[in-house]
Asker: 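Here it is, the structure, as structure tokens.
Order of the sequence lines sets the chain letters (A, B, ...), proteins ahead of strands, with each chain counted from 1.
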Amino acid sequence: MIFKANVTVMPQPEILDPQGKAVEQALHQIGIGSAQNVRIGKRIEFLIEADSEKLAFDKVTEASKGLLANVIMENFKVELELN
Amino acid sequence: MKKAGVVVFPGSNCDQDLVEALSRSGFEKVAKLWHKQSDLEDCDIVFLPGGFSYGDYLRSGAIARFSPIMKEVKAFGERGNFVVGICNGFQILTEANMLPGALLRNKDRLFICDYTNLVVQNPKTPITNSLKSDQVYSIPIAHGEGRFFAKEKEMDEIIEGNQILFKYATADGLTTSDANPNGSLENIAGICNRGGNILGMMPHPERVSDPRLGRADGKALLSSIRTFLD
């Protein structure tokens, strides 16, 4: 089975995110003053082949821990869908 | 005779400067080691230079750590040999878990290219052993992601283990928050591992190693490493 993996990587809540801060200020400048707590992360998509969704999930989790996210400063979320 | 190796990743851009500076700091032989090779060519010490390895894609150092040579560098370090990472090299060492913590985007979002003042914290490491603890060393930084961060427990271990090499300071040697260019925890500019043989720092000693270019404070750091190897 081929799955489409979506991995969302976000800076951990206690970590200052200067990029998010800059975008928050810009949002206020365009009149959206109620926007707050802007955090910027990244989303990584790829296809992966595995015998079951569970095995695909395990592989993608391994990929996230080993490369896609740095668990010292980031959290990640794995989502799968059948391709 | 001591031989230093400087690893060259695609996107390294301080490798040649480092080769020159090491040659000028007492290393009898300096070799460039291409990231795809797995032979450290009998080097006595390995340096990971500054630059933007693999375009800094994903995170600084995240992809370089999987370069073929890094497996050897890691094993080399685990055997107690000396490994020094400068700027991007420091980022690679943290990504490879050879050093604790991580280097985040600078607090003020700016890429900072400027002189900083460093003061020695642990005077017994290879890079600090010949330095004076009451002297301020003027060494430039050039990075966008140099904000040293570690979780509280990890940070406690770094302090307990006396693993801080340098802190950013004022010209008078005071480690105030004003002297902190990028928001690093504890004004940290460089650290080492518990064993004291893996070292990383954001400032670039190789850029100030020739008095003809204005300053030579960096040469003191690199010469200190060379002396330590004897």
Asker: Listed by residue number, which members of residues 69-83 of chain A have a heavy atom under 4.5 Å from any heavy atom of chain B?
Answerer: A:A69, A:N70, A:V71, A:I72, A:M73, A:E74
Asker: Look at atom OH of B:Y57 and say whether more than 12 heavy atoms of other residues, nucleotides or ligands are closer to it than 6.0 Å.
Answerer: no
Asker: B:D108 versus chain A, heavy atoms under 4.5 Å apart: side chain, backbone, both or neither?
Answerer: neither
Asker: Please find the pair of heavy atoms, one from A:L67 and one from B:L58, that lie closest to each other, and give the distance.
Answerer: O-CD2, 3.3 Å
Asker: Which atoms form the tightest heavy-atom contact between A:G66 and B:R65, and what is the distance?
Answerer: O-NH1, 3.4 Å
Asker: Quick one: are A:Q12 and B:K151 in side-chain contact, heavy atoms under 4.5 Å?
Answerer: yes
Asker: Salt bridge (charged side-chain N to carboxylate O under 4.0 Å, His left out) with B:E145: which residues, sequence neighbours excluded?
Answerer: B:R105
Asker: Taking 4.5 Å as the heavy-atom cut-off, does anything in residues 31-42 of chain A contact chain B, and if so which residues?
Answerer: A:K42
Asker: Does anything in residues 71-102 of chain B reach chain A? List residues with heavy atoms under 4.5 Å apart, or say none.
Answerer: B:E95, B:G101, B:A102
Asker: Can you establish whether the number of heavy atoms outside B:E152 located under 6.0 Å from its atom CD is more than 12?
Answerer: no
Asker: Please determine whether the number of non-hydrogen atoms from other residues, nucleotides or ligands lying under 6.0 Å from atom CD of A:E62 exceeds 12.
Answerer: no
